[in-house]
Amino acid sequence: MPVLLANYPLMFVFMLPAIIFFLRFLVQYSGCNYYHRFSQFLFIVTKPFNKLFNNMSAGDISVASLLNMLLSAELGLCVFFYLSGWIGSLIQLFILNLVFLAWGIVEVLIILLIVTAVLSWIPKLIGINYYLLTMLKPLIAPFDRFIPRIGVISLSFLAVFLLMTFVDQYAMPAVFRFFSKIQF
């Protein structure tokens, strides 16, 4: 199993389609500008695959994107596990794929938080920063209710970043080790 963690960057490549579907879900759920170039790109790329599930949605939640995300992650990670020579039960493989999908989503959110923080210091890129903040709003908004602002500085952004970093560095490896040791 340590070989799998050592090849995690390669695993991220196999999860790229799932990450694209997650971003499509996040853009639609957060209510980002539909006419933004990045939104248009995500909608065009994912449209044929979402038609497989008749573009199912429940309010702002794109169920078709979530189903495609799960299916593409399972397929990509099964190929990765097969190529890396790991053999396990199907239940264990399914659970480990879900763990790695959640881990990949956490890492994508951390990357989005870092990019948003860096772009906030560049005045010419305020439009892109506003788009990213809108995309991250469902993640940051619950913390805004409990953590007060200091002037124009939002400490909830920092709290979310620290929480996501903790989950990425400590919680997800522990969950992975736990499920990789269990025999089903």
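- Two rings, from F176 and F100, have their centers less than 6.0 Å apart.
- Between N97 and E74 the shortest heavy-atom distance is ND2-OE1, 2.8 Å.
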Go through the steps for L71 and F21 under the test side chain to side chain contact (heavy atoms under 4.5 Å, CB included), then give the verdict. CA-CA 10 Å; L71 287 175; F21 284 111; over 6 Å; no

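- Ring-plane geometry between F25 and Y29 is classed as parallel, the angle between the planes falling under 30 degrees on a 0 to 90 degree scale with a further cut at 60.
- Judged purely by distance below 3.5 Å, without hydrogens or angles, the side chains of Y131 and S39 pair a donor atom with an acceptor atom.
- If you chain together hydrophobic residues whose side chains sit under 4.5 Å apart, L66 and L75 never meet in one group.
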Could you go through the side chain to side chain contact (heavy atoms under 4.5 Å, CB included) check for V115 and L119 one step at a time? CA-CA 6 Å; V115 168; L119 290 181; 3.7 Å; yes

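- Put simply, L113 and Y130 are part of two different groups of oily side chains (I, L, V, M, F, W, Y) that touch within less than 4.5 Å, one to the next.
- Using a 4.5 Å heavy-atom cutoff, the side chains of M69 and I105 are in contact.
- Heavy atoms from other residues, nucleotides or ligands lying under 6.0 Å from CZ of F14 number more than 12.
- Following chains of ILVMFWY side-chain contacts shorter than 4.5 Å, one can reach M56 starting from L52, so the two form part of one hydrophobic cluster.
- Counting all heavy atoms, side chain and backbone alike, L101 lies closest to A73 at CD1-CB, 3.7 Å.
- One distance of note links CZ of R149 with CZ of F157; it measures 11.0 Å at 0.5 Å rounding.
- In the hydrophobic clustering of this structure, M135 groups with I114; members are Ile, Leu, Val, Met, Phe, Trp, Tyr whose side-chain heavy atoms approach within less than 4.5 Å, directly or through other members.
- The two atoms that bring T134 and S30 nearest to each other are O-CB, 3.2 Å, heavy atoms only.
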Step-by-step side chain to side chain donor-acceptor pair (under 3.5 Å) determination, N50 to S65: CA-CA 6 Å; N50 282 353; S65 293; 3.1 Å; yes

Test side chain to side chain contact (heavy atoms under 4.5 Å, CB included) on M164 and L139; report intermediate values, then the result. CA-CA 10 Å; M164 287 292 167; L139 186 66; 3.5 Å; yes

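- Applying the 6.0 Å contact sphere to CD1 of I150 captures no more than 12 heavy atoms from other residues, nucleotides or ligands.
- Under 3.5 Å, the side chains of S156 and D144 contain a donor-acceptor pair of N or O atoms.
- Atom CG of L98 is separated from atom CG of L93 by 10.0 Å, given to the nearest 0.5 angstrom.
- For F43, the CZ atom sits in a packed shell: over 12 heavy atoms of surrounding residues, nucleotides or ligands are nearer than 6.0 Å.
- Taking every heavy atom of both residues into account, M172 and V99 meet most closely at CE-O, 3.3 Å.
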Step-by-step side chain to side chain contact (heavy atoms under 4.5 Å, CB included) determination, K47 to N55: CA-CA 8 Å; K47 185 177 181 178; N55 288 323; 5.5 Å; no

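- Note on L23 and F41: same hydrophobic cluster, where clusters join Ile, Leu, Val, Met, Phe, Trp and Tyr whose side-chain heavy atoms are under 4.5 Å apart, directly or indirectly.
- Of the inter-residue distances, the one linking I91 atom CD1 with L96 atom CG reads 12.0 Å to the nearest 0.5 angstrom.
- For CZ of F53, the number of neighbouring non-hydrogen atoms (other residues, nucleotides, ligands) closer than 6.0 Å is greater than 12.
- Expressed to the nearest 0.5 Å, how far CD1 of I128 lies from CG of L133 amounts to 12.0 Å.
- Summarising the geometry, atom OG1 belonging to T116 is positioned 11.5 Å from atom CD1 belonging to I111; distances are rounded to the nearest 0.5 Å.
- Considering CG of L26 and CG of L109, their distance stands at 6.5 Å, rounded to 0.5 Å.
- For the pair D60 and Q28, the minimum side-chain heavy-atom distance is 4.5 Å or more.
- Closest heavy-atom contact between Q40 and Y34: NE2-O, 2.8 Å.
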